[in-house]
Amino acid sequence: MFALVDCNSCYASCEQIFRPDLRGKPVVVLTNNDGCIVARSKEAKALGIPDLEPYFKVRHLLEQHRVQVFSSNYELYGDISARVMAVLGQFAPEVDIYSIDEAFLAMDGITEDFVRYARRIRNSVWQQVRMPVSVGIAPTRTLAKLANHIAKQSARCDGVCVIRQPQDWFAVMQKIPVRKVWGVGSRYARRLAGQQVFSVYDLLTQDPDHIRHCFNIGLARTVRELRGQSCIAPDDLAVPKKQIYTTRSFGQRVFHCEELEQSISQYAGRACEKLRAQHSLVKTLSIFIETSRFDPNPLHLACTVPLYCPTNDTRTVVRAARAAVRGLYREGYAYAKAGIGLIELLDEKPEQTHLFEAQQSESSRQLMAVMDKINQYGSGEVFLASHGIQQRWAMQRQFRSPSYTTRWGDIPGIKMR
DNA sequence: TCTGGGGTCCTAGGACCC
DNA sequence: TCTGGGGTCCTAGGACCC
């Protein structure tokens with residue numbers, strides 16, 4: 001059995017922790033660059049504010065209902081997430097962190113009544129972090145996700161749902177749209193509708209081989225998981241990434257090559273941090289710069305760059321990435337976004353050395369380790385000068401809250417009387 | 001004035017080779 | 001002379017997730 005613990009409206013709830021005056025009120029959080037709505041409190045959902053809608057399109061609606069708007073504050077969310085995960089660690093020996101706001105717990109060896117166990121988790125996380133969570137428990141991860149969905153939807157569940165046997169839940173599954181299944185996006189949902197598959201139950205009763213033939217192995221696995229047959233191995237979530245990307249839209253359009261080089265330097269730095277965190281080396285990069293996809297004639301320029309010798313030294317990767325940008329750059333375009341992908345990765349050990357090139361030096365390794373140590377809280381205190389100091393292209397975050405838990409200057413004060 | 005997220009993996013199809 | 005099987009690698013595009 002697996003438990004999936006998921007924070008309710010995670011980013012909005014994070015903001016409410018330090019603004020208890022906003023509990024019970026409509027709150028939304030925006031994506032990077034204040035682009036789209038990415039999190040909505042329950043009250044904001046009730047107002048009919050759609051998910052992932054561009055901010056400027058719903059701005060008047062938000063103002064009309066006096067919805068509190070926040071820019072993304074990942075320093076805060078990352079720290080709150082770590083605290084939630086630490087609490088979950090008290091409940092199971094193995095916590096698979098699936099994303100910033102959810103984790104799977106393996107329930108092996110848990111003898112306590114599942115409903116009671118789930119309630120204890122909920123209460124503890126609320127008590128220790130003030131984060132509301134929902135808990136779904138089921139024989140497979142896909143069913144645990146579904147149970148979590150039911151826990152959130154049904155008031156009667158009060159945040160907890162346990163699916164012991166799928167067949168006990170067939171009646172409920174007939175009423176849940178197939179789109180809600182983990183692994184079924186809007187495209188698959190549309191194609192499935194063409195085959196008269198509308199509900200979770202409809203999908204569950206399909207022949208996996210038929211689904212494999214019409215779609216792919218992933219969706220066939222999903223069908224099996226819905227039937228209670230576990231096919232997503234625990235390791236699937238822990239394995240190192242096969243590719244690492246860092247891409248960002250700019251706060252405003254960029255016209256000059258130097259600024260593109262600055263941005264790509266910074267993204268490369270971030271990508272290399274992730275690379276070192278999983279003890280990998282990169283052999284091939286992918287670099288792109290592009291105009292807005294909403295432009296009448298969008299331009300997308302990309303190239304792949306093989307590295308002479310696999311590395312995880314930010315300086316080497318930055319040098320190659322900047323050269324690539326200079327090669328791609330075309331004058332006269334309003335660039336909206338750039339990114340880097342580390343697309344071919346190797347294990348740090350054993351290192352594949354080039355016949356005529358010294359392998360990555362010990363001094364390089366030490367330097368990177370020191371940088372990572374200083375920057376461990378994601379605040380980016382140490383960086384290469386090529387990132388630039390005055391970043392005209394940096395993202396917009398007009399409604400950012402303080403980093404209450406990670407910056408000395410932002411720690412809330414207590415009034416004594 | 002103008003505004004539109006970010007990350008990862010899979011697969012089909014083409015190029016090339018034996 | 002022309003055809004044809006099968007494998008590998010690469011890449012762009014598609015699909016998913018939160």
Side-chain angles (χ1 to χ4, degrees), chain A residues 4 6-12 14 28-40 50-60 62 71-72 74 77-78 81 97-104 141-142 145 148-149 152 178-192 212-222 232 236-237 239-253 267 270-271 274-275 278 283-288 290-296 298 300-306 334 336-345 395-398:
Chain A
L4 176 69
D6 187 306
C7 300
N8 299 345
S9 315
C10 183
Y11 300 165
C14 285
V28 300
V29 180
L30 307 177
T31 56
N32 279 339
N33 266 323
D34 297 340
C36 296
I37 307 268
V38 73
R40 305 159 294 160
D51 200 17
L52 286 179
E53 186 77 358
Y55 169 57
F56 72 93
K57 287 189 180 173
V58 288
R59 192 165 156 185
H60 74 278
L62 299 173
S71 303
S72 291
Y74 286 103
Y77 310 152
S81 169
I97 299 173
Y98 174 66
S99 74
I100 193 165
D101 75 330
E102 58 189 304
F104 288 102
R141 289 168 197 266
T142 305
K145 288 279 275 188
N148 196 289
H149 171 77
K152 281 203 172 72
V178 70
R179 173 71 184 81
K180 300 294 177 190
V181 172
W182 189 33
V184 179
S186 59
R187 300 296 177 96
Y188 283 0
R190 215 174 308 153
R191 275 171 64 190
L192 285 165
R212 161 88 183 88
H213 180 72
C214 298
F215 292 84
N216 57 34
I217 184 85
L219 197 59
R221 218 178 266 159
T222 297
I232 302 177
D236 282 6
L237 299 169
V239 291
K241 303 267 178 288
K242 294 172 184 166
Q243 301 183 328
I244 293 171
Y245 279 85
T246 300
T247 70
R248 294 278 183 281
S249 299
F250 303 128
Q252 47 187 305
R253 297 284 188 263
Y267 308 160
R270 179 71 194 110
K274 297 184 211 169
L275 183 70
Q278 68 167 37
K283 213 171 121 191
T284 311
L285 313 177
S286 161
I287 308 287
F288 76 85
E290 66 184 27
T291 62
S292 168
R293 64 196 167 96
F294 299 99
D295 280 358
H300 175 93
L301 302 165
C303 64
T304 57
V305 183
K337 187 174 179 178
I340 177 170
L342 313 181
I343 55 172
E344 200 176 353
L345 308 184
M395 66 173 115
Q396 286 186 35
R397 291 195 290 188
Q398 203 185 332

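By convention in this document, chain letters (A, B, ...) are assigned in the order of the sequence lines, proteins followed by strands, and residues within each chain are numbered from 1.
- Bracketed by its first and final contacts, the part of DNA chain B lying under 4.0 Å from non-hydrogen atoms of chain A reaches from dT3(B) to dT11(B) in 5' to 3' order.
- For Arg212(A), there are no salt bridge (Lys or Arg N to Asp or Glu O under 4.0 Å) partners two or more places apart in sequence or in a different chain.
- Residues passing the ring pair (Phe, Tyr, Trp, His ring centres under 6.0 Å) test with Tyr245(A): none are found, sequence neighbours excluded.
- Note on Ser186(A): only backbone sugar-phosphate atoms sit closer than 4.0 angstrom, heavy atoms only; bases stay farther off.
- Residue Arg59(A) is classed as having no contact, given no heavy-atom separation below 4.0 Å to the nucleic acid.
- Contacts of Asp34(A) with the nucleic acid, taken as non-hydrogen atoms under 4.0 Å apart, are absent.
- Partners of Asp51(A) under the side-chain contact (heavy atoms from CB on, under 4.5 Å) rule, at least two apart in sequence or in another chain, are Arg40(A).
- Each of Thr246(A) and Phe294(A) was matched to the nucleotide of DNA chain B holding its nearest heavy atom; the match closer to the 5' end belongs to Phe294(A).
- Nucleic acid contact class of Tyr55(A) (heavy atoms, under 4.0 Å, all strands): none.
- For DNA chain C, each stem of at least three Watson-Crick or G-U pairs (distances under 3.5 Å) is given as range with range: B:5-18 with C:5-18.
- The ring pair (Phe, Tyr, Trp, His ring centres under 6.0 Å) test applied to Tyr11(A) returns Tyr74(A), Tyr77(A), not counting sequence neighbours.
- Within 4.0 Å of Val181(A), counting heavy atoms only, lie sugar-phosphate atoms of the nucleic acid but no base atom.
- Enclosure of atom NZ in Lys283(A) is not indicated, since only 12 or fewer non-hydrogen atoms of other residues, nucleotides or ligands lie within 6.0 angstrom.
- Glu102(A) comes within 4.0 angstrom of the backbone, heavy atoms only, and of no base.
- For the side chain to side chain donor-acceptor pair (under 3.5 Å) test, residues two or more places apart in sequence or in another chain that qualify with Lys152(A) are Asp6(A), Asn148(A).
- Positionally, the nearest nucleotide of DNA chain B for Lys337(A) lies more toward the 5' end than for the other of Lys337(A) and Lys242(A).
- With sequence neighbours excluded, the residues that form a side chain to side chain donor-acceptor pair (under 3.5 Å) with Thr142(A) are Glu225(A).
- With sequence neighbours left out, His300(A) forms a ring pair (Phe, Tyr, Trp, His ring centres under 6.0 Å) with Phe288(A).
- Among the atoms of the strands shown, only primed sugar atoms or phosphate atoms (P, OP1, OP2) are found under 4.0 Å from some heavy atom of Arg253(A).
- Among the atoms of the strands shown, none is found under 4.0 Å from any heavy atom of Ser72(A).
- Within 4.0 Å (heavy atoms only), Ile100(A) reaches no atom of the nucleic acid at all.
- Ser71(A) and Asp34(A) share a side-chain donor-acceptor pair at under 3.5 Å.
- dT3(B) and dC17(C) are spaced 30 Å apart, taking the P atom of each and rounding to whole Å.
- Looking at heavy-atom distances under 4.0 Å, Ile244(A) makes contact with sugar-phosphate atoms alone, never a base.
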